[in-house]
Amino acid sequence: SILEAAERERTFIAIKPDGVQRGLISEIIHRFERKGYKLVAIKLVIPTKEFAEKHYHDLKGRPFFNGLRDFLSSGPVVAMVWEGQGVIKYGRKLIGATSPHNSEPGTIRGDLAVSVGRNTIHGSDGPETANAEIALWFKPEELVSYTSNAEKWLY
Ligand code: RTP
């Protein structure tokens, strides 16, 4: 590939059931797409409770864990993998702070959400979690490697 390794960094992003039900799918995809990141995998899934527990395994034992797990499995989730230079860290910046109360205007949660339990979107918090979450949600063949026309103008 003509892309450098850093430009092929990938993160796992999920639009949670509240975001899907509120009609925010295109709004959220728009923000990542417009920034210059490349969509390399996408699907709509209703996670089972067992699957939601795997996704949130590091939060097991927290008082909100059962509610969080039940909520994630309560309806369709848009699971995605986005690629681009710095996408893991900057993706979190686009998303905003965990609690929408602390999210700046201009961020997804700042603009589109009001409560921490319904914060519309998930994004991997580091390279290891990104790899683990991509592997949990997607089969290798569901990740699409391609060159976008925009790349030569982005990098
Ligand atoms: P995410 O993984 O969803 O991107 O969120 P995060 O890293 O910003 O936050 P984390 O601490 O990993 O928490 C995961 C999700 O749990 C819900 N949560 N509820 N006090 C509460 O009720 C509470 N605290 C966290 C949020 O939906 C958060 O996104």
Side-chain angles (χ1 to χ4, degrees), residues 5-140 142-144 154:
E7 295 158 6
R8 281 188 269 107
E9 181 179 313
R10 289 174 170 179
T11 193
F12 174 71
I13 299 291
I15 304 174
K16 297 181 187 179
D18 55 325
V20 174
Q21 296 294 342
R22 293 176 56 215
L24 298 174
I25 297 172
S26 59
E27 167 73 36
I28 289 169
I29 289 177
H30 189 202
R31 291 175 182 226
F32 277 84
E33 196 174 39
R34 204 166 39 162
K35 169 71 176 169
Y37 297 134
K38 181 169 70 174
L39 186 62
V40 296
I42 183 167
K43 63 182 171 186
L44 192 67
V45 287
I46 303 179
T48 62
K49 284 191 188 195
E50 293 71 30
F51 190 90
E53 284 203 14
K54 276 189 197 163
H55 173 74
Y56 280 127
H57 64 91
D58 58 319
L59 296 173
K60 211 160 184 166
R62 302 290 284 276
F64 56 84
F65 180 78
N66 287 354
L68 179 63
R69 173 250 279 151
D70 291 352
F71 176 62
L72 193 73
S73 58
S74 69
V77 169
V78 178
M80 299 178 280
V81 178
W82 286 88
E83 182 182 282
Q85 200 178 87
V87 69
I88 299 172
K89 202 167 173 207
Y90 203 89
R92 300 271 294 181
K93 217 165 173 154
L94 289 179
I95 288 170
T98 303
S99 171
H101 298 287
N102 301 322
S103 302
E104 295 298 324
T107 64
I108 291 166
R109 288 171 177 159
D111 290 346
L112 306 172
V114 287
S115 74
V116 69
R118 300 289 184 270
N119 61 6
T120 68
I121 182 165
H122 164 83
S124 305
D125 63 9
E128 293 78 21
T129 35
N131 286 338
E133 290 171 357
I134 290 168
L136 176 66
W137 288 80
F138 289 96
K139 298 176 193 141
E142 292 177 313
L143 304 175
V144 183
L154 286 164

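Numbering of residues begins at 1 and proceeds along the displayed sequence. Read the numbers this way: they start at 1 and go in the same order the structure lists the ligands and their atoms.
Nearest to atom 6 (P) of ligand 1 among the protein's heavy atoms is Thr98 OG1, 3.4 Å. From the protein, the heavy atom lying nearest to atom 13 (O) of ligand 1 is Leu59 CD1, 3.6 Å. The protein non-hydrogen atom at the shortest distance from atom 26 (C) of ligand 1 is Val116 O, 3.2 Å.
The closest approach between Arg118 and ligand 1 stays at or above 4.0 Å for every heavy atom of the residue. The closest approach between a heavy atom of Lys16 and any atom of ligand 1 is below 4.0 Å.
In Leu68, the part holding a heavy atom less than 4.0 Å from any atom of ligand 1 is the side chain. Neither the backbone nor the side chain of Ile95 has any atom closer than 4.0 Å to an atom of ligand 1 (non-hydrogen atoms only). Counting heavy atoms closer than 4.0 Å to ligand 1, residue His55 contributes nothing at all. Looking at Asn119 against ligand 1, only its side chain comes within 4.0 Å, counting heavy atoms.
In terms of polar-atom proximity, Asp125 is not counted as a contact of ligand 1, lacking any N or O under 3.5 Å from an N or O of the ligand. In terms of polar-atom proximity, defined here as any N/O pair under 3.5 Å, Phe64 makes no such contact with ligand 1.
Listed by number with element, the atoms of ligand 1 under 4.0 angstrom from any heavy atom of Tyr56 are 3 (O), 14 (C). Less than 4.0 angstrom separates some heavy atom of Gly123 from each of these atoms of ligand 1: 4 (O). Ligand 1 places these atoms under 4.0 Å from at least one heavy atom of His122: 1 (P), 2 (O), 3 (O), 4 (O). Shown in contact with Arg92 at under 4.0 Å from a heavy atom are these atoms of ligand 1, numbered in order with element: 4 (O), 6 (P), 7 (O), 8 (O). For ligand 1, the atoms closer than 4.0 angstrom to any heavy atom of Arg109 are 1 (P), 3 (O), 4 (O), 5 (O), 8 (O), 29 (O).
Put simply, the side chain of Arg109 never gets that close to the backbone of Thr120: no donor and acceptor are under 3.5 Å apart. With Asp111 contributing its side chain and Gly106 its backbone, the two residues share a donor-acceptor pair below 3.5 Å.
Atoms NZ and CH2, on Lys35 and Trp82 in that order, are 13.0 Å from each other to the nearest 0.5 Å. To the nearest 0.5 Å, atom OG of residue Ser124 and atom CZ of residue Arg10 are 13.0 Å apart.
Thr11 has its side chain out of reach of Glu133: every pair of non-hydrogen atoms, C-beta onward, lies at least 4.5 Å apart. Contact of the Leu39 side chain with the Glu33 side chain is not registered, since no non-hydrogen atoms from C-beta on lie closer than 4.5 Å. Side-chain contact between Val45 and Phe51: absent, with no pair of heavy atoms (C-beta onward) separated by less than 4.5 Å. A 4.5 Å side-chain heavy-atom check between Glu53 and Phe65 finds at least one atom pair inside the cut-off.
Residue Lys43 places its NZ atom among more than 12 non-hydrogen atoms of other residues, nucleotides or ligands, all under 6.0 Å distant.
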Q | salt bridge (Lys or Arg N to Asp or Glu O under 4.0 Å) evaluation trace for Glu50 with Lys54 | A | CA-CA 6 Å; Glu50 293 71 30; Lys54 276 189 197 163; over 6 Å; no
